[in-house]
Amino acid sequence: MYYSHLLIPTLKEPPADAEAVSHKLMVRAGFVRQLAAGLYIYLPLGQRVIEKINRIIREEMNAIGGQEVTMPVLNPAEVWQQTGRWDAIGDEMFRLKDRGGRDMCLAMTHEETMAWLAAHDLRSYRDLPQVWYQIQTKLRDEARPKSGVLRTREFIMKDSYSFDRDEAGLDVSYQRHLEAYKKIYTRCGIRFSVVQSDTGLMGGSQAHEFMAPSQAGEDDIAICDSCGYAANVELAESVPSQHKTHNWKFEEVATPEKRTIDEVTRFLKVTPDLLIKSILVITNDGPILALIRGDHMLHEKKLAKAIGQHRPAQKEEVKDILGVSAGFIGPMGHRIKKIADPCLKQGVYAAGANKEGFHLTGISAEKHFADAEFMDIHTAQAGDACTVCGKPIRIERVIEVGNIFKLGTKYSVPLKAYYLDENGAEKPIIMGSYGIGPARIAAAAVEQGNDENGIMWPLAIAPFHVQIIPVNAKDQQSLKVAEDLSAILEKKGFEVLVDDRDERAGVKFKDADLIGIPYRIVIGEKNLKEGMVEIKERKSGVVEKVVIADAPFAIEKKIHKEGGN
RNA sequence: CGGGGCGUAGCGCAGCCUGGUAGCGCACUUGGUUCGGGACCAAGGGGUCGGAGGUUCAAAUCCUCUCGCCCCGACCA
């Protein structure tokens, strides 16, 4: 393939509004262009990367018996109404009406339509198990698209769905997907962790996420290096580090205008872990006071699990309910229901006195708020002890590149996806759903593989395997050698990009570094006179001089060694 | 949804405070010199200054509204 025939609009400067490294590089190197917030155009190079990732996904999905299908993006409201998600999902779903005034939506996922199909065309236990998948566009009206291709409103997703007769069958389908996913990410050349995750909106009994470490990510995971425990902080459990006990008397201390943990900490000359953070939230059944240690963060989702839907109280509400302004509220002096983190059972603390301008010191759970309900509601943080082995955990920022869920009968029952077992009894099909975001794999690869000069693609998903640069494209002999080498390499099954542009060497080298094709053959006139060319590896920068005829074999050897594809 | 920032040539920006001729770098076109790490010289093309309304003799600049894009937050006590 000739460079001059391709649209590869590289830029010297990154777009001003790009923040994430992958975003900057994918735009600069001419892989993508942004059309509007969260809407991206894939240019030829970007398209090639996505297609390579998709090919790997297809191979691994087919290997576990997946059957590729295609669902409509435009969905009738009915199927979503049957599962209740038409109402459960808010503004994130694009909704529209057809010309007849019927409610429609653009699918953000396909549990409903897949279950609909299962309901219509799976009848007998003999039809099970099944795994159906598609690689197709999803639409989500994200509150805040960001980080380039990482969070967009329209994106391609590989989603698969398993249909089994019982939980044991689901376990098998789930495990197969888990293994297939590991292979997919490994083949794509990205680093990743498999972690336990929250089942959230999808419902179901068990879920894992596949997380690629990167600063550009939006999730944090807790990892224990000694026993292998790994979980999304959304549900990660941990034992907070013990703090030294402070022997202070039970007394009221005037703390005028000292409201925040930070202010009170400084005023009392203690560390934050000696304070109790009190957070008032409003549930459907009235206010609840959440109590956590001062150096901890409240975990919204854990709290939600304990008390159901809730929202933080407004400042005025705090005053109405507790009779004191936010900043001085605490566990004592009122009858509001309290949920406290278990780590507060030990130790003696200071907290708001529930009296304007005062805090209380010397508070202990046992003596002063034994009536609280104790539940894990803190967010795991680095240095906490692993609940499995007791060793310290670490927290890592990650990009979610895939997830798998055991759904059970959440979708099959409302959509009437039943089968008849051997005894003629009607039973609901047990489902699982499994997603991968190819664009996120690409972005994660860029996040994990780049240097100051540009991208360093993993071989398996690089837009081309080899870039050939005739330094002087006007020199007929250089071009001829480039063409010959390209033909030989292509015959061997490699993808080759020949930079035939009439540009100065520096421009070609800079662009090559930016685009990040793993191997480069440089054809210079001086070397050519000796019958030699250079082979350069993008990642290591190592240059090797070889005789022309050996170049294809040298490349082949390197590629086989790296084991791409 | 809350807060902040920004919309001027394809990209990156200046000009706006203090109204009066729309500018710079890169990219692009043509010619010449150069040619292994983003060359140089010369000559060019390209703009309804996001949009609408208003103030004014006069608006990129001032006022009002609106649209778009980006970032942070949605974990105070």
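Order of the sequence lines sets the chain letters (A, B, ...), proteins ahead of strands, with each chain counted from 1.
Counting non-hydrogen atoms under 4.0 angstrom, A:Pro145 reaches the backbone sugars and phosphates but no base. Using a 4.0 Å heavy-atom cutoff across all strands shown, A:Arg520 reaches at least one base atom of the nucleic acid. When heavy atoms are screened at a 4.0 angstrom cut-off, A:Ala18 is found touching no nucleic acid atom at all. Here A:Gly524 lies in heavy-atom contact (under 4.0 Å) with a base. Contacts of A:Ile292 with the nucleic acid, taken as non-hydrogen atoms under 4.0 Å apart, are absent. No engagement by A:Pro9 is indicated, since no non-hydrogen atom pair under 4.0 Å with the nucleic acid exists. Using a 4.0 Å heavy-atom cutoff across all strands shown, A:Asn354 reaches no nucleic acid atom at all. Within the 4.0 angstrom heavy-atom criterion, no nucleotide atom of any strand lies near A:Ser478. No contact: A:Val264 has no heavy atom under 4.0 Å from any strand.
Look at A:Asp513 and A:Arg520 and you find a salt bridge, because one of the NZ, NE, NH1 or NH2 atoms lies within 4.0 Å of a carboxylate O, short of that distance. Salt-bridge annotation for A:Lys545 and A:Glu530: present, with a side-chain N of the basic residue lying under 4.0 Å from a carboxylate O of the acidic one. Between A:Glu495 and A:Arg48, at least one side-chain nitrogen of the basic residue sits less than 4.0 Å from a carboxylate oxygen of the acidic one, meeting the salt-bridge criterion. Under the 4.0 Å criterion applied to side-chain N and carboxylate O atoms, A:Asp219 and A:Arg397 are not assigned as salt-bridge partners. Ion pairing of A:Asp511 with A:Arg501 is present here, as a side-chain N (NZ or NE/NH1/NH2) and a carboxylate O approach within less than 4.0 Å.
A distance of about 30 Å separates the P atoms of B:rG7 and B:rC41, rounded to the whole Å. The P atoms of B:rG20 and B:rA58 are separated by 14 Å, rounded to the nearest whole Å. For the P atom pair drawn from B:rG2 and B:rG19, the interatomic distance equals 35 Å after rounding to whole Å. Between the P atoms of B:rC35 and B:rC17, the separation comes to 50 Å (whole Å). To the nearest whole angstrom, the two P atoms, one in B:rC57 and one in B:rC67, are 31 Å apart. Comparing B:rG50 with B:rU34, their P atoms are spaced 44 Å from each other, to the whole Å. When the P atom is used for both B:rC24 and B:rG15, the distance is 15 Å, rounded to whole Å. The separation of B:rU64 from B:rC71, taken at their P atoms, amounts to 27 Å, rounded to a whole angstrom.
When distances are taken from the side chain of A:Asp513 to each of B:rG37, B:rA39, B:rG12, the shortest belongs to B:rG37. When the nucleotides B:rC26, B:rG37, B:rC71 are ranked by their closest atom to the side chain of A:Lys12, B:rC26 comes out on top. Side-chain proximity of A:Val507 to B:rC76, B:rA39, B:rG25: nearest is B:rA39. In this structure, of B:rG73, B:rA39, B:rC70, it is B:rG73 that holds the atom nearest to the side chain of A:Arg144. Between B:rC35, B:rG38, B:rG36, one nucleotide has an atom nearer to the side chain of A:Lys474 than all others, and that is B:rC35. Proximity note for A:Val522 (side chain, C-beta onward) versus B:rG36, B:rA77, B:rC71: the nearest is B:rG36. Considering only side-chain atoms of A:Ala505, the nucleotide from B:rG36, B:rG38, B:rG12 that sits closest is B:rG36.
A:Tyr40 and A:His23 share a donor-acceptor pair across their side chains, judged by distance under 3.5 Å alone. Side-chain polar atoms of A:Glu534 and A:Asn527 form a donor-acceptor pair below 3.5 angstrom.
Ring centroid separation for the pair A:Trp457 and A:Phe31 comes in under the 6.0 Å cut-off.
A:Ile521 has its CD1 atom 17 Å from the C1' atom of B:rG36, to the nearest Å. Atom-to-atom, NZ of A:Lys277 to P of B:rA77 comes out at 4 Å; the value is rounded to the nearest Å. Regarding A:Asp511, its CG atom lies at a distance of 15 Å from the C1' atom of B:rG36, rounded to whole Å. Distance, A:Glu263 CD to B:rC76 P: 14 Å, rounded to whole Å. The CD-C1' distance, from A:Gln34 to B:rG7, rounds to 14 Å in whole Å. In this entry the distance linking CZ of A:Arg151 with P of B:rC71 reads 12 Å, nearest Å. Taking atom CG of A:Leu35 as the reference point, atom P of B:rC69 lies 9 Å away to the nearest angstrom. The separation between A:Asn527 atom CG and B:rG36 atom C1' is 10 Å, rounded to whole Å.
Base pairing annotation: B:rC26 forms a Watson-Crick or G-U wobble pair with B:rG10, both donor-acceptor distances under 3.5 Å. If you check B:rC49 for Watson-Crick or wobble pairing at under 3.5 angstrom, you find it has no partner at all. In this structure B:rG38 sits in no base pair that meets the Watson-Crick or G-U test at under 3.5 Å.
Put simply, A:Lys510 has no side-chain N or O that comes within less than 4.0 Å of OP1 or OP2 on B:rG37. The phosphate of B:rC71 (OP1 or OP2) has no side-chain N or O of A:Lys146 nearer than 4.0 angstrom.
Contact annotation: side chain of A:Lys24 to base of B:rG12, donor-acceptor pair absent below 3.5 Å. Not a single donor-acceptor contact under 3.5 angstrom links the side-chain atoms of A:Asn472 to the base of B:rG36. If you check distances only, the side chain of A:Arg28 does reach the base of B:rG38 with a donor-acceptor pair under 3.5 Å. Between the side chain of A:Glu534 and the base of B:rG36, at least one donor-acceptor pair of N or O atoms lies under 3.5 Å.
The residue among A:Leu298 and A:His23 whose nearest nucleotide of RNA chain B is located toward the 5' end is A:His23. Both A:Arg153 and A:Phe328 lie near RNA chain B, and the one whose nearest nucleotide falls closer to the 5' end is A:Arg153.
Taking the six-membered ring where the residue is Trp, A:His359 and A:Phe328 present perpendicular rings, their angle passing 60° and hence far from 30°.
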